Amino acid sequence: MRADRPKGPELPAPAGSPELLAPAGSPEALKAAVDHGAKAVYLGWGAFNARRGARNFSEEEFAQAAAYCHIRGVRVFLTLNILLTDRELPAALETARTASRLGVDAVLVQDWGLFALLRAALPDLPLHASTQMSLFTSGGANEIAAGGCRRVVLARECSKEETAAICESCPAEVEVFVHGALCMCYSGQCAMSALIGGRSGNRGRCAQPCRLPYGVNGAAKEGRPLSLKDSCMADHLREMGDMGVSCLKIEGRMKSPGYVAAVTEVYARLLEEGRGPTAEEQEALERAFSRSGFTDAYWRGRKGPDMLGFRPENAAAAGDPLPAGTDRRIPVRLTCAVKAGTPCSLTAEDGLGNRAAVTGPVPEPAGKRPLTAEDLSARLEKTGGTPYRAVVDPAEDIALDPGLYLSAAAVNELRRKALEALSAARCAPPVRRECPPPPLPEEDRSAAEPRFTVSVASAAQLTGGLLDFRPARTYVPLELLAELSSLPPAETEYCAVLPRVWRDKDEDLLRRWLEKARTLGVSGLLLGNLGHFPLVRGMGFRLYGDYGLNVFNSRSLAFLREKGLESACLSFELRFSQLRDLRKLLPAEAVVYGRLPLMLTENCLIQNSAGCRCGQPNFLNDRTGAAFPLLPAFGCRTEVENSRPLWLADLPEYKGLGLSWARLRFTTETAEECVRVYRAYLEGAPAAGAFTRGLYRRGVE
């Protein structure tokens, strides 16, 4: 028996139309996806994926799933797309190493440290940038592609034009979500579940607080201003393929196998037939699951209250049985030789270069009825119960000497062995290099005690009283600097805070604003997104990392140091002990005061609910009476702030974590309150009103 497999590094992506990628939150959902037309599936294994509440897979189930999919020509992607601590990185690497040995086709990653670790330790393992990396510009996509990323999963908020521009400029494959749940917040930038309930969306434990009722500016707290309808892009598949989108992703690892089957089957059919959905198909999608219908507004470059929708808690799940699926067996060519005096042989080939050859018994002389090529072909074509469909041409594929006999059982056994050997060839894992994890540098940039930095949200906060404290750095939003004619003279380093979300079309404007900021005396920039690096590279500013980069471990600091950062703000989802134990390969900063940002939304919550009134205070109100300030963000977006400010002034332990800087983050405070807070931190005073300790003591799940 012999099986040959091409020496390529992994199963290639299908040519032609985009790859259809379906969710597999369980083995049952995986089978449903494969049987109903998925060309790839994504799944979680272990504790390191963004749907830790799904059924997910054990190691044994993962191995079985990989074999099941690869035999059927379906690729398998593993999700390791959460933020990881230093202690978790070795286990995550071992998970990826085991998955690679089992033939996984790619791994989805969010964490910069894990990305760098996998690139070094498993250099042949394809990596995909999860949507949790918050990538939505050509610069960001190209930046991660230059680091060795094979595919970029774009933010769901990208429009058709923005996606086309990224497809045109980026050498990596581009993947977009085409169906399923939409988060109100940009993926990777949401801390609402973590800060309110201790369950982090960045750690795969989102409790979905966006689906709860809220009011805006004191309105009745019965609306759902944070709950978006599910996305449905079934009408746009052809234009996605035409612009070069490589993969179309269905969301839903928390959904049932029935949902996966129904949605996958519709999209597979639309791709195969190159058309939009019929009314019946649209109804089938809505019957599977929807929140007050569907939306494609982001793709069309629109936003607004029409996108909002929710699903009543008592809504019944779809009662339809699991669709039967269609015949998606793999065509194979079988060639058989039955010659006198020699063992019969059968070769199976799948058209992808996989080939298996087996031998059987020596045929006997025939009695009354010798074996014919037609009889042999008919027997070989009986591949029911296997993933294969064989069509055997008696004239082309059968070499048969006359007057011979071969029993039906012998033919069946020959066919069984050949197809089993072909299956083994199809699911054989590629050979990939494995290297030892590179050691971290020995450098330690820990400080004995942090110096204070301040960030402001308005010009009114930027007073002499505040600057008289001589903060080490003063962070000012770039859009605010664009409105100022001067900055107060002070013993501080002025730094511009770049918008966390922007688009390609904004970059010329942002560069003009940066040049103006330089004339005002700004020397540093605060970067909160990977796309900021190519935007500002070569402009001569000092570069510092903001909390939007989600720095969770020491290897992330090493990664960002190589990108050119001189310091980095650490994630406020880390505990004090985790902050302390991080190896300070860069001087580190942490937010120690202020309303922490919960969400950054493409939809303007103020405009959606009350019309444009950004010059006035605005709040999101929950059912407990808490009021969450709504601040305008660049591009008519909204940043939702926590209802209570973080207060650590009376906790001296934050001073012993090795931090170089401790940030006082001012958002809604008056100028007088800013001064009072700074003085309180100098004195180590207790809070004067309601406050939170954030996550520094309790941590997150």
Side-chain angles (χ1 to χ4, degrees), residues 14 17-43 51 54-55 69 72 74 156 160 175-183 211 227-241 245 247-300 306-329:
S17 65
E19 179 177 63
L20 181 60
L21 175 60
S26 67
E28 296 79 14
L30 178 138
K31 187 176 186 302
V34 173
D35 291 352
H36 291 83
K39 298 301 182 184
V41 296
Y42 62 103
L43 53 88
R51 289 293 183 270
R55 158 79 165 76
C69 290
R72 290 160 178 80
V74 174
R156 294 169 172 89
K160 171 177 61 178
E175 176 177 310
V176 300
F177 281 88
V178 293
H179 196 92
L182 285 174
C183 300
R211 304 301 179 187
S227 182
L228 294 173
K229 297 175 181 177
D230 277 21
S231 172
C232 179
M233 311 285 274
D235 281 318
H236 306 289
L237 305 187
R238 179 178 293 177
E239 62 186 330
M240 289 181 181
V245 171
C247 180
L248 309 179
K249 186 173 195 170
I250 299 169
E251 183 277 337
R253 278 194 290 144
M254 301 291 287
K255 299 289 201 312
S256 70
Y259 169 89
V260 173
V263 175
T264 301
E265 184 167 278
V266 170
Y267 276 85
R269 189 184 308 126
L270 299 184
L271 283 171
E272 288 171 2
E273 299 177 11
R275 59 175 176 82
T278 64
E280 291 77 14
E281 288 165 334
Q282 190 71 26
E283 182 182 347
L285 293 174
E286 292 196 24
R287 191 166 56 245
F289 190 92
S290 76
R291 290 182 172 91
S292 313
F294 295 121
T295 182
D296 62 356
Y298 283 149
W299 183 255
R300 293 184 291 114
D306 290 346
M307 295 183 67
L308 300 175
F310 73 99
R311 188 174 178 86
E313 295 181 4
N314 60 356
D320 291 348
L322 197 69
T326 57
D327 185 359
R328 301 186 183 277
R329 291 180 297 167

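Just so it is clear, the structure is predicted and the values come from calculations on it, not from any experiment. All residue numbers refer to positions in the sequence shown, counting from 1. The figures here come from the full heavy-atom set of this structure, side chains too, leaving out hydrogens, waters and symmetry mates.
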Residue pair A181 / R156: nearest heavy atoms and the distance that separates them: O-NE, 3.5 Å

Provide the closest heavy-atom pair for D235 versus P277 in the form atom of the first, atom of the second, distance. OD1-CD, 3.1 Å

Carefully, step by step, assess E283 and R287 under the rule salt bridge (Lys or Arg N to Asp or Glu O under 4.0 Å). CA-CA 6 Å; E283 182 182 347; R287 191 166 56 245; 3.6 Å; yes

Non-neighbouring partners of R72 that pass side chain to side chain donor-acceptor pair (under 3.5 Å), sequence neighbours left out: none

Are the side chains of L308 and L228 in contact, using a 4.5 Å heavy-atom criterion? yes

Inter-residue atom distance K39.NZ - L21.CG, 0.5 Å rounding: 13.0 Å

Ring-face cation contact, F289 with R311, 6.0 Å cut, 45° max: yes

If you round to the nearest 0.5 Å, how far is CZ of R211 from SG of C183? 7.0 Å

Minimum heavy-atom distance L20-G37, with the two atoms named: CD2-O, 4.1 Å

Test side chain to side chain donor-acceptor pair (under 3.5 Å) applied to E272 - qualifying residues, sequence neighbours left out: R328

Can you sort out the partners of R300 under side chain to side chain donor-acceptor pair (under 3.5 Å), two or more places apart, ordered by chain and number? D296

List the atom of E28, the atom of P257, and the distance in Å for their closest heavy-atom pair. CB-CG, 3.7 Å

Run the salt bridge (Lys or Arg N to Asp or Glu O under 4.0 Å) test against K229 and tell me which residues pass, sequence neighbours left out. none

A quick test of your reading: do over 12 heavy atoms of other residues, nucleotides or ligands sit less than 6.0 Å from CZ of R238? no

Side chain proximity check, D35 to T264, heavy atoms < 4.5 angstrom: no

Exercise: identify the closest heavy-atom pair between C69 and V41: SG-CG2, 3.9 Å

Hey, what do you get for NE2 (H236) to NZ (K160), rounding to the nearest 0.5 Å? 7.5 Å

Short side-chain to backbone donor-acceptor contact, T295 and S231, under 3.5 Å: no

All heavy atoms of M307 vs all of L182, minimum pair found to be CE-CD1, 4.4 Å

Look at the side chain of R253 and the backbone N and O of L43, then say whether any donor-acceptor pair between them is shorter than 3.5 Å. no

Report yes or no: does E175 contribute a side-chain atom to a donor-acceptor pair with the main-chain N or O of C247 at less than 3.5 Å? no

Counting C-beta onward and ignoring hydrogens, is there a side-chain heavy-atom pair between S290 and D230 closer than 4.5 Å? no

So W299 and E239, side-chain contact (heavy atoms from CB on, under 4.5 Å) or not? Walk me through it. CA-CA 11 Å; W299 183 255; E239 62 186 330; 3.2 Å; yes

side-chain contact (heavy atoms from CB on, under 4.5 Å) for K255 and V263? Distances and angles first, verdict last. CA-CA 11 Å; K255 299 289 201 312; V263 175; over 6 Å; no

Could you list the residues that satisfy ring-ring contact (aromatic ring centres under 6.0 Å, His included) with Y267, not counting sequence neighbours? H179

Who passes side chain to side chain donor-acceptor pair (under 3.5 Å) against Q282, sequence neighbours left out? none

Output the distance between atom CD (E286) and atom CZ (F294), rounded to the nearest 0.5 Å. 5.5 Å

Can you find a pair of side-chain heavy atoms, one from L248 and one from V176, that are under 4.5 Å apart? yes

